[in-house]
Amino acid sequence: MATEDGKEMEITESGLQAAREDIVNKVLEQQPDDEILYDLAELFKVFGDSTRIKILYSMFENELCVNDIARLLNLSQSSVSHQLRILKTSKLVKFRREGKSIYYSLDDEHVRSIISMGMEHVEE
């Protein structure tokens, strides 16, 4: 409330400004290092490609070889291998060798959770 001389208004505005400053300082203290945020942005860039999303989604419940993925997504083996290399580098898929065959699967539960949450979000 303002008084005739405006002093009460100044105190209220000043108090609000101090409270906002506290919030800004608290956020700054909790902010991760720029390098961490850069890595997070790079991770989301990997998820930003529909072919890679299709590959990840196809491995949601099954491990697959390059040939399986190529057939499922109607892509060349070369194209699938290229995308898998990016996904491996980003630690989103892992592989195991069985004889001459290499089988790929989601790296861990985090990847499955990211995909699940993304699907929930877009289906809302």
Side-chain angles (χ1 to χ4, degrees):
M1 293 192 173
T3 61
E4 284 183 27
D5 60 6
K7 286 184 181 175
E8 192 172 326
M9 180 65 97
E10 287 177 28
I11 293 170
T12 304
E13 287 177 19
S14 175
L16 180 60
Q17 202 170 20
R20 300 306 309 166
E21 190 67 27
D22 288 346
I23 291 169
V24 168
N25 288 333
K26 190 175 195 176
V27 170
L28 283 173
E29 288 172 10
Q30 296 172 349
Q31 191 84 349
D33 291 339
D34 284 349
E35 186 176 324
I36 298 293
L37 294 174
Y38 174 81
D39 291 344
L40 181 60
E42 289 300 309
L43 174 67
F44 281 110
K45 282 182 188 178
V46 174
F47 281 104
D49 181 272
S50 62
T51 300
R52 288 192 288 267
I53 290 294
K54 288 175 185 177
I55 291 170
L56 290 169
Y57 200 79
S58 69
M59 290 188 284
F60 201 76
E61 297 295 333
N62 301 294
E63 66 176 10
L64 301 167
C65 68
V66 172
N67 190 43
D68 294 337
I69 298 167
R71 287 181 48 221
L72 279 167
L73 303 180
N74 197 26
L75 296 169
S76 70
Q77 288 185 0
S78 174
S79 176
V80 171
S81 293
H82 172 72
Q83 297 301 334
L84 285 169
R85 194 172 318 115
I86 294 168
L87 293 169
K88 283 191 308 190
T89 301
S90 300
K91 299 177 185 166
L92 296 175
V93 298
K94 61 184 176 184
F95 67 94
R96 71 174 181 85
R97 186 177 298 275
E98 187 174 297
K100 292 183 179 183
S101 298
I102 300 175
Y103 294 92
Y104 295 88
S105 59
L106 299 180
D107 189 71
D108 60 22
E109 221 25 67
H110 295 112
V111 180
R112 187 173 273 101
S113 294
I114 292 168
I115 295 167
S116 293
M117 283 189 234
M119 287 299 289
E120 284 177 33
H121 182 76
V122 298
E123 290 177 341
E124 285 182 347

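All heavy atoms count here, side chains included; hydrogens, waters and symmetry mates do not. The first residue of the sequence shown is numbered 1, and numbering continues consecutively from there.
At least one side-chain heavy atom of Leu84 sits under 4.5 Å from a side-chain heavy atom of Met59. Side-chain atoms of Ile69 and Val66, non-hydrogen and from C-beta on, never get closer than 4.5 Å to each other. Contact annotation: the side chain of Leu43 never approaches that of Asp39 to less than 4.5 Å [non-hydrogen atoms, C-beta and beyond].
A salt bridge is defined here as a Lys NZ or Arg NE, NH1 or NH2 lying under 4.0 Å from an Asp or Glu carboxylate O, and Lys45 with Glu42 meets this definition.
For the atom pair CD1 (Ile55) and OG (Ser50), the distance works out to 10.0 Å, reported to the nearest 0.5 Å. To the nearest 0.5 angstrom, Ser116 atom OG is 14.5 Å from His121 atom NE2. Residue Glu98 holds its CD atom at 5.0 Å from OH of Tyr103, rounded to the nearest 0.5 Å. Here CG of Leu75 is found 12.0 Å from NE2 of His82. Values are rounded to the nearest 0.5 Å. Leu106 CG to Ile115 CD1: the interatomic distance, rounded to the nearest 0.5 Å, is 5.0 Å.
The only member of Val111, Ile114, Asp107, Ile86 that meets side-chain contact (heavy atoms from CB on, under 4.5 Å) when paired with Leu92 is Val111.
At least one donor-acceptor pair under 3.5 Å links the side chain of Asp68 to the backbone N or O of Cys65. Looking at Asp108, its side chain does come within 3.5 Å of a backbone N or O of His110 through a donor-acceptor pair. With hydrogens and angles ignored, the 3.5 Å screen pairs no side-chain donor or acceptor of Asp33 with any backbone N or O of Glu35.
At most 12 non-hydrogen atoms from other residues, nucleotides or ligands lie less than 6.0 angstrom from NZ of Lys91. The environment of Phe47 atom CZ is dense: over 12 non-hydrogen atoms of other residues, nucleotides or ligands sit within 6.0 angstrom. Within 6.0 Å of CG on Asp34 lie no more than 12 heavy atoms contributed by other residues, nucleotides or ligands. More than 12 non-hydrogen atoms from other residues, nucleotides or ligands lie less than 6.0 angstrom from CZ of Arg96.
Between Tyr57 and Phe60, the ring planes lie parallel to each other; the angle is under 30°, not in the 30° to 60° tilted range.
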side-chain contact (heavy atoms from CB on, under 4.5 Å) between Lys54 and Leu72, worked out: CA-CA 9 Å; Lys54 288 175 185 177; Leu72 279 167; over 6 Å; no
